[in-house]
Amino acid sequence: MNLFSDFQTRITHIIEKLVGEKRLPPGLDMAKFGVEPPRDASHGDLSCNVAMVFARDIKEFYANPRQLATEIGFELAKMPDVAEAEVAGPGFINIRLKPSAFADVLRACLEQGPQFGASQSNGLKVNVEYVSANPTGPMHVGHGRGAVFGDALASLLAFSGAAVTREYYINDAGAQVDVLARSAYLRYCEALGETISIPEGLYPGDYLVPVGAALAQSHGREWLGKPESVWLVPVRDAAIDAMMGMIRSDLAALNIRHEVFFSERSLHIPHNGKSDVDIAIDLLQAKGLIYEGRLPPPKGQLPEDWEDREQTLFKSTGFGDDVDRPLKKSDGSFTYFASDIAYHNRKIASGFDILVDVWGADHGGYVKRMAAAVSALSDKKVELDVKLCQLVKLVRDGAPVKMSKRSGDFVTLREVVDEVGLDAVRFMMLFRKNDAPLEFDLAKVLEQSKENPVFYVQYAHARAKSIFRQAVKAFENIDLSPKSLANADLTLLKDAGEAGLMRLLAQYPRLIEQAAKAHEPHRLAFFLHDLASAFHAHWNAGKDSPQLRFVNEENRELSLARLALVGSITQVLAAGLDLLGVSAPVEMR
RNA sequence: GCACCCGUAGCUCAGCUGGAUAGAGCGCUGCCCUCCGAAGGCAGAGGCCAGGGGUUCGAAUCCCUUCGGGUGCGCCA
């Protein structure tokens with residue numbers, strides 16, 4: 001149950017009724033107004049801006065927005081769960097609910113359990129593509145951020161009613177996997193007793209040592225001293241398989257599992273004479289969006305090897321890009337962009353309504369052309385949202401931890417997960433907007449203090465659980481099942497702290513919905529932190545004022561009502577953490 | 001030179017796609033444990049939302065512009 005969308009519907013009906021009575025003009029866009037929690041709790045439980053939003057449309061019917069607001073407020077006040085609806089400021093309608101409304105929220109929370117806040121299927125097919133690290137080495141912490149972000153976003157979207165596919169795009173074509181093959185070949189030679197030195201430009205990391213050893217084991221001296229043309233392909237394929245195995249295992253350590261691993265190279269393999277790239281290019285060609293032409297050289301620093309030449313271009317400027325983009329390299333092969341067009345065309349052809357790509361911020365310059373391509377391929381029917389994740393600064397006690405992939409001596413994602421645990425990694429990665437840089441302190445995330453948000457939220461959950469343990473000791477034969485708690489007399493919850501907590505719980509379904517719509521899982525992380533904070537505060541209120549404690553041995557009925565509140569909080573904390581992929585411990589000892 | 005992201009308390013950051021008197025943590029000052037987990041909480045001080053224009057009932061949020069930081073800019077992916 002979502003109080004906010006519920007009232008949005010009710011107010012929409014009131015407006016429609018007024019339109020029917022010719023007391024408002026037809027054609028009002030109901031999507032324009034909103035029902036939201038007021039910033040200031042003294043303004044009530046719900047607030048609606050509808051009268052102000054329609055200020056311009058209603059001039060012939062009402063002198064000012066306040067008049068319309070008064071009219072709507074009058075209708076709202078008649079409803080059984082509304083205590084009062086008053087007009088404030090320029091025309092806000094502030095609604096205060098009867099305690100029974102919040103009792104309904106608690107009951108819904110207890111009865112629906114982990115499904116509280118979930119939405120019915122909305123019929124949307126969404127594809128979330130994330131991680132997509134090149135299969136040339138282990139993942140680093142930056143990849144981890146995109147991985148956790150994409151995974152949490154996918155969960156959030158699924159929870160709010162979309163049919164979600166989690167997808168990984170394997171960049172197994174192009175020059176870099178050849179570099180990988182050469183690097184692995186050297187390790188193969190090394191495994192056979194040759195002395196090797198790794199030239200500049202190859203991957204020096206020792207993660208390729210076992211790959212070389214395995215090749216030596218399976219193929220003996222067969223490729224030793226032979227030209228690249230003999231061994232490149234088999235070594236490359238073996239190395240990519242090994243790297244993808246390693247990446248999958250790194251992802252598994254973070255509880256991340258994709259449904260689809262899509263190979264870039266497969267896009268170039270013809271079926272019935274045509275590859276996916278051919279098909280996509282043909283499609284654009286048919287739309288008249290491909291031409292042969294010249295590009296002006298980039299302003300500022302001219303590249304050393306710049307050569308002005310005729311090339312095959314996609315008319316991306318027709319869809320908001322700055323320049324048209326080349327589809328073929330000078331050697332005639334397709335650019336990465338061409339493959340990516342084909343890849344996204346596959347996704348469009350699969351019937352997805354929304355495509356979400358999670359990329360590193362260093363690919364920001366690529367967004368416009370990809371959005372242009374999706375727009376062109378789908379005739380503007382499919383939306384592409386590219387989420388850029390800013391880089392992660394790894395520090396320990398404030399001092400930077402060096403990372404350098406070139407030297408092969410970098411801190412891998414796996415090392416960080418092994419050191420601090422997946423809960424800490426996942427929560428911290430989500431406790432920041434995706435487009436803001438993130439400082440990840442290896443020492444701080446293990447601290448057991450309120451400075452560490454992971455601990456703070458998990459502690460709230462453990463603390464809530466401890467109240468239940470306490471209640472079992474205090475009362476004989478007490479039934480603390482959700483069903484039993486839902487039957488408690490919830491009107492006994494009258495304290496301001498209790499009301500504040502219930503108000504927060506009532507906002508959870510809306511928060512989920514909005515975070516999913518905005519593709520911003522961090523909002524959920526911050527909400528859980530807020531809920532934990534309110535809970536800790538109310539707990540402490542019980543220290544100063546014993547009559548506020550959740551467990552009151554003299555008053556079983558009151559205790560049951562309060563335990564229903566605690567149970568709801570526990571439920572939302574656990575479910576919210578679960579959506580983020582973080583565990584909710586029963587105790588912190 | 002151009003494009004994209006960012007600029008909010010001394011520091012690190014939220015701000016719910018335009019709402020009411022801009023919030024939290026750290027740090028600083030002063031408090032709260034014979035009592036459900038003090039691994040926590042309460043109170044106080046601290047702001048020209050980088051600057052300037054505009055859009056409207058209403059702007060930290062949208063548009064333009066200046067300044068400052070980051071990321072990119074055919075034949076890497």
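Convention: sequence-line order gives letters A, B, ...; per-chain numbering from 1. Note: hydrogens, waters and symmetry copies are ignored here, and every other heavy atom, side chains too, is used.
Contacts of residues 43-56 of chain A with RNA chain B (heavy atom under 4.0 Å): A/His43, A/Ser47, A/Asn49, A/Met52, A/Val53, A/Arg56. Residues from residues 556-570 of chain A with heavy atoms under 4.0 angstrom of RNA chain B: there are none.
Here, B/G23 and B/C42 have their P atoms 16 Å apart, quoted to the whole Å. Here, B/C75 and B/G69 have their C1' atoms 32 Å apart, quoted to the whole Å. Rounded to whole Å, the C1' atom of B/A59 lies 14 Å from the corresponding atom of B/G53. The same atom, P, is picked in B/A9 and in B/A60; the two are 15 Å apart, to the nearest Å. The C1' atoms of B/C35 and B/G10 are separated by 38 Å, rounded to the nearest whole Å.
With ring centers used as reference points, A/Phe92 lies 6.0 Å or more from A/His43.
Of the possible polar contacts, none joining the A/Asp435 side chain to the A/Leu388 backbone as a donor-acceptor pair under 3.5 Å is found. A/Ser316 contributes no side-chain N or O that, together with a main-chain N or O of A/Arg369, makes up a donor-acceptor pair within less than 3.5 Å. For A/His143 (side chain) and A/His140 (main-chain N/O), a donor-acceptor pair under 3.5 Å exists by modelled atom type. A donor-acceptor contact shorter than 3.5 Å links the side chain of A/Arg96 to the backbone of A/Ser42.
One distance of note links CD of A/Glu129 with NZ of A/Lys387; it measures 15.0 Å at 0.5 Å rounding. For the atom pair CG of A/Leu68 and CD1 of A/Ile93, the computed distance is 7.0 Å after rounding to the nearest 0.5 Å.
When the nucleotides B/G37, B/U12, B/A39 are ranked by their closest atom to the side chain of A/Arg432, B/U12 comes out on top. Nearest to the side-chain atoms of A/Met588 among the listed nucleotides B/U12, B/G37, B/G40 stands B/G37.
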For nucleotides 31-35 of chain B, give me every protein contact, N/O to N/O, under 3.5 Å, one pair per line with atom names.
{"residue": "B/C32", "atom": "O2'", "partner": "A/Asp544", "partner atom": "OD1", "Å": "3.3"}
{"residue": "B/C35", "atom": "O2'", "partner": "A/Arg549", "partner atom": "NH1", "Å": "2.5"}
{"residue": "B/C35", "atom": "O2'", "partner": "A/Arg549", "partner atom": "NH2", "Å": "3.0"}
{"residue": "B/C35", "atom": "O2", "partner": "A/Lys543", "partner atom": "O", "Å": "3.0"}
{"residue": "B/C35", "atom": "O2", "partner": "A/Arg549", "partner atom": "NH2", "Å": "2.4"}

For nucleotides 74-77 of chain B, which of its nitrogen or oxygen atoms have a protein nitrogen or oxygen under 3.5 Å away, and what is each distance?
{"residue": "B/G74", "atom": "O6", "partner": "A/Asp305", "partner atom": "O", "Å": "2.9"}
{"residue": "B/G74", "atom": "O6", "partner": "A/Glu307", "partner atom": "N", "Å": "2.8"}
{"residue": "B/G74", "atom": "N1", "partner": "A/Glu307", "partner atom": "N", "Å": "3.3"}
{"residue": "B/G74", "atom": "N1", "partner": "A/Glu307", "partner atom": "O", "Å": "2.5"}
{"residue": "B/G74", "atom": "N2", "partner": "A/Glu307", "partner atom": "O", "Å": "2.7"}
{"residue": "B/C75", "atom": "O2", "partner": "A/Ser330", "partner atom": "OG", "Å": "3.0"}
{"residue": "B/C75", "atom": "N4", "partner": "A/Asp305", "partner atom": "O", "Å": "3.3"}
{"residue": "B/C75", "atom": "N4", "partner": "A/Asp305", "partner atom": "OD1", "Å": "2.4"}
{"residue": "B/C75", "atom": "N4", "partner": "A/Asp305", "partner atom": "OD2", "Å": "2.6"}
{"residue": "B/A77", "atom": "OP1", "partner": "A/Lys329", "partner atom": "NZ", "Å": "3.0"}
{"residue": "B/A77", "atom": "O3'", "partner": "A/Gln176", "partner atom": "NE2", "Å": "3.3"}
{"residue": "B/A77", "atom": "O3'", "partner": "A/Glu264", "partner atom": "OE1", "Å": "3.1"}
{"residue": "B/A77", "atom": "O2'", "partner": "A/Asn134", "partner atom": "OD1", "Å": "2.9"}
{"residue": "B/A77", "atom": "O2'", "partner": "A/Asn171", "partner atom": "OD1", "Å": "3.3"}
{"residue": "B/A77", "atom": "O2'", "partner": "A/Gln176", "partner atom": "NE2", "Å": "3.2"}
{"residue": "B/A77", "atom": "N3", "partner": "A/His363", "partner atom": "NE2", "Å": "3.2"}

Measure all distances between protein nitrogen or oxygen atoms and nitrogen or oxygen atoms of nucleotides 15-17 of chain B, and list the pairs falling under 3.5 Å.
{"residue": "B/G15", "atom": "OP1", "partner": "A/His522", "partner atom": "NE2", "Å": "2.8"}
{"residue": "B/C16", "atom": "O3'", "partner": "A/Gln514", "partner atom": "OE1", "Å": "3.4"}
{"residue": "B/C16", "atom": "O2'", "partner": "A/Gln514", "partner atom": "OE1", "Å": "2.9"}
{"residue": "B/C16", "atom": "O2'", "partner": "A/Arg523", "partner atom": "NH1", "Å": "3.4"}
{"residue": "B/C16", "atom": "O2", "partner": "A/Arg510", "partner atom": "NH1", "Å": "2.9"}
{"residue": "B/U17", "atom": "OP2", "partner": "A/Gln514", "partner atom": "OE1", "Å": "3.4"}

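Within the structure, side chain to side chain donor-acceptor pair (under 3.5 Å) pairs that include any residue of residues 547-568 of chain A comprise A/Glu498-A/Arg562 (at least two apart or interchain). Residue pairs meeting the side chain to side chain donor-acceptor pair (under 3.5 Å) criterion with at least one partner in residues 54-65 of chain A, sequence neighbours excluded, do not occur; the list is empty.
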Taking distance alone, no hydrogens or angles, what donor-acceptor pairs closer than 3.5 Å link side-chain atoms of residues 45-54 of chain A to residues at least two apart or in another chain?
{"residue": "A/Asp45", "atom": "OD1", "partner": "A/Arg503", "partner atom": "NE", "Å": "2.9"}
{"residue": "A/Asp45", "atom": "OD1", "partner": "A/Arg503", "partner atom": "NH2", "Å": "3.4"}
{"residue": "A/Asp45", "atom": "OD2", "partner": "A/Leu97", "partner atom": "N", "Å": "2.8"}
{"residue": "A/Ser47", "atom": "OG", "partner": "A/Asn94", "partner atom": "OD1", "Å": "3.4"}
{"residue": "A/Asn49", "atom": "OD1", "partner": "A/Gly34", "partner atom": "N", "Å": "3.0"}

Name every donor-acceptor pair, under 3.5 Å, that has one atom in a side chain of residues 513-527 of chain A and the other anywhere in the protein, sequence neighbours excluded.
{"residue": "A/Glu513", "atom": "OE1", "partner": "A/Asn2", "partner atom": "ND2", "Å": "3.3"}
{"residue": "A/His519", "atom": "ND1", "partner": "A/Asp385", "partner atom": "OD2", "Å": "2.7"}
{"residue": "A/Glu520", "atom": "OE1", "partner": "A/Arg523", "partner atom": "NE", "Å": "2.8"}
{"residue": "A/Glu520", "atom": "OE1", "partner": "A/Arg523", "partner atom": "NH2", "Å": "3.0"}

When the side chains of residues 531-542 of chain A are checked against the rest of the protein, which donor-acceptor pairs come out under 3.5 Å, sequence neighbours left out?
{"residue": "A/His536", "atom": "ND1", "partner": "A/Arg463", "partner atom": "NH1", "Å": "2.9"}
{"residue": "A/His536", "atom": "NE2", "partner": "A/Tyr456", "partner atom": "O", "Å": "3.3"}

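Salt bridge A/Arg325/A/Asp340: absent, no basic N to carboxylate O contact under 4.0 Å.
Classification of B/C36 as anti follows from a glycosidic angle more than 90° from 0.
Nucleotide B/G18 forms a pair with no other nucleotide shown, judged by Watson-Crick or G-U wobble geometry with both contacts under 3.5 Å. Partner assigned to B/C4 is B/G70, using Watson-Crick or G-U wobble distances below 3.5 angstrom.
Judged by distance alone, the side chains of A/Tyr169 and A/Asp357 never bring a donor and an acceptor atom under 3.5 Å apart.
Scored by the side-chain contact (heavy atoms from CB on, under 4.5 Å) test, A/Ala471 finds A/Leu480, A/Val551, A/Leu563 as partners (sequence neighbours excluded). With sequence neighbours left out, A/Thr312 forms a side chain to side chain donor-acceptor pair (under 3.5 Å) with A/Glu292.
In this model, the phosphate group of B/A38 is approached by a side-chain N or O of A/Arg463 to a distance below 4.0 Å at OP1 or OP2. OP1 or OP2 of B/G25 has not a single side-chain nitrogen or oxygen of A/Lys450 nearer than 4.0 Å. Contact between the side-chain N/O atoms of A/Ser466 and the OP1/OP2 oxygens of B/G37 is found at a separation under 4.0 Å. OP1 and OP2 of B/G37 both lie 4.0 Å or more from every side-chain N or O belonging to A/Lys465.
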Carefully, step by step, assess A/Asn171 and A/Gln176 under the rule side chain to side chain donor-acceptor pair (under 3.5 Å). CA-CA 9 Å; A/Asn171 298 135; A/Gln176 77 209 326; 5.3 Å; no
